[in-house]
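Each chain gets a letter, A, B and so on, in the order the sequences are listed, and its residues count up from 1.
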Amino acid sequence: MKYWLMKSEPDCFSIDDLKRVKREPWDGVRNYQVRNMFRDEMAVGDKAIFYHSNAKKETGAVGVMTIASKAYPDPTQFDPKSDHPDPKSDLDNPRWLLVDVAYESHFKYPVLLSEMRLDPKLDGLPLLAKGNRLSVMPISKKHFEYICKHGS
DNA sequence: GCCAACGTTGGC
DNA sequence: GCCAACGTTGGC
């Protein structure tokens, strides 16, 4: 099983939103590296940390979700009214993929980015690498479990 | 709102 | 293939 960290802006889609709907297509990703991870590396049952980016209050890890589907074409790429339409994507060979995610749990306490930066146990966490802008990234089991423990 | 860092695009 | 210009991400 693999472990992931996935970012979302809470103003756009928060962990509370995910809790309400239980399961959601993780759409809108327009980055080839992430597309390839969806396609080649994610598997149903993998665990992911839900991370609130660009949050007004608390930027950090807020809970856990499960990967609930294989990768499939992101329908929003073909919708001119969506936030990220891609007119160059081909219906027969879609450029962008997504996976469904399912809610698992809220952390009791958010694990803030500022705390994670100071924690030597999280050295090497890709989230903390300078200039890392990936919205989805693999993390080690050790880091995953450590963050979960910290949030509980 | 600012800005550093990065990815993508497109001209050549 | 190079690289400048531009757009986006995301912390602060």
Does anything in residues 46-60 of chain A form a salt bridge (charged side-chain N to carboxylate O under 4.0 Å, His left out)? List the pairs, not counting sequence neighbours.
Asp11(A)-Lys56(A), Lys47(A)-Glu104(A)
Which pairs, with at least one residue in residues 70-82 of chain A and sequence neighbours excluded, count as a salt bridge (charged side-chain N to carboxylate O under 4.0 Å, His left out)?
Arg30(A)-Asp74(A)
With the side chain counted from C-beta on, respond yes when [X] and [Y] share a heavy-atom pair under 4.5 Å apart, and no when they do not.
{"X": "Asp100(A)", "Y": "Glu24(A)", "result": "no"}
{"X": "Val101(A)", "Y": "Met6(A)", "result": "yes"}
{"X": "Tyr103(A)", "Y": "Arg20(A)", "result": "no"}

Which residues pass the ring-ring contact (aromatic ring centres under 6.0 Å, His included) test with Phe144(A), not counting sequence neighbours?
Tyr3(A)
Between NE2 on residue His106(A) and NZ on residue Lys19(A), distance to nearest 0.5 Å:
5.5 Å
Just to be sure I understand the geometry, which residues of residues 108-132 of chain A put a non-hydrogen atom under 4.0 Å away from DNA chain B?
Lys130(A), Gly131(A)
Nearest heavy atoms of Pro10(A) and Ala55(A), plus distance in Å:
CG-CB, 3.6 Å
Could you name each residue pair satisfying ring-ring contact (aromatic ring centres under 6.0 Å, His included) that touches residues 116-143 of chain A, not counting sequence neighbours?
none
Pairs meeting criterion ring-ring contact (aromatic ring centres under 6.0 Å, His included) with involvement of residues 73-100 of chain A, two or more places apart:
Tyr32(A)-Trp96(A)
Which two nucleotides bound the region of DNA chain C that has atoms under 4.0 Å from heavy atoms of chain A, read 5' to 3'?
dG7(C) to dC12(C)
Examine distances only and state if a side-chain atom of Ser14(A) and a backbone atom of Asp16(A) form a donor-acceptor pair shorter than 3.5 Å.
yes
Check: Thr59(A) side chain, Leu113(A) main-chain N or O, donor-acceptor pair, under 3.5 Å:
no
Taking only Lys NZ, Arg NE, NH1 and NH2, and the carboxylate oxygens of Asp or Glu, determine whether Arg95(A) and Asp86(A) approach each other closer than 4.0 Å.
yes
Using heavy atoms and a sub-4.0 Å distance, could you list which residues of residues 46-55 of chain A are near DNA chain C? By number, please.
Tyr51(A), Ser53(A), Asn54(A)
Hey, can you pull the residues of residues 25-42 of chain A with a non-hydrogen atom under 4.0 angstrom from DNA chain C?
none
Reading 5' to 3' and counting Watson-Crick or G-U wobble pairs with both distances under 3.5 Å, write the dot-bracket notation for DNA chain B, | for bases paired outside the strand.
||||||||||||
Kindly state each residue pair satisfying side chain to side chain donor-acceptor pair (under 3.5 Å) with at least one member in residues 108-122 of chain A, sequence neighbours excluded.
Asp119(A)-Tyr146(A)
Remaining members of Tyr72(A)'s ILVMFWY cluster at a side-chain heavy-atom cut-off under 4.5 Å?
Leu98(A)
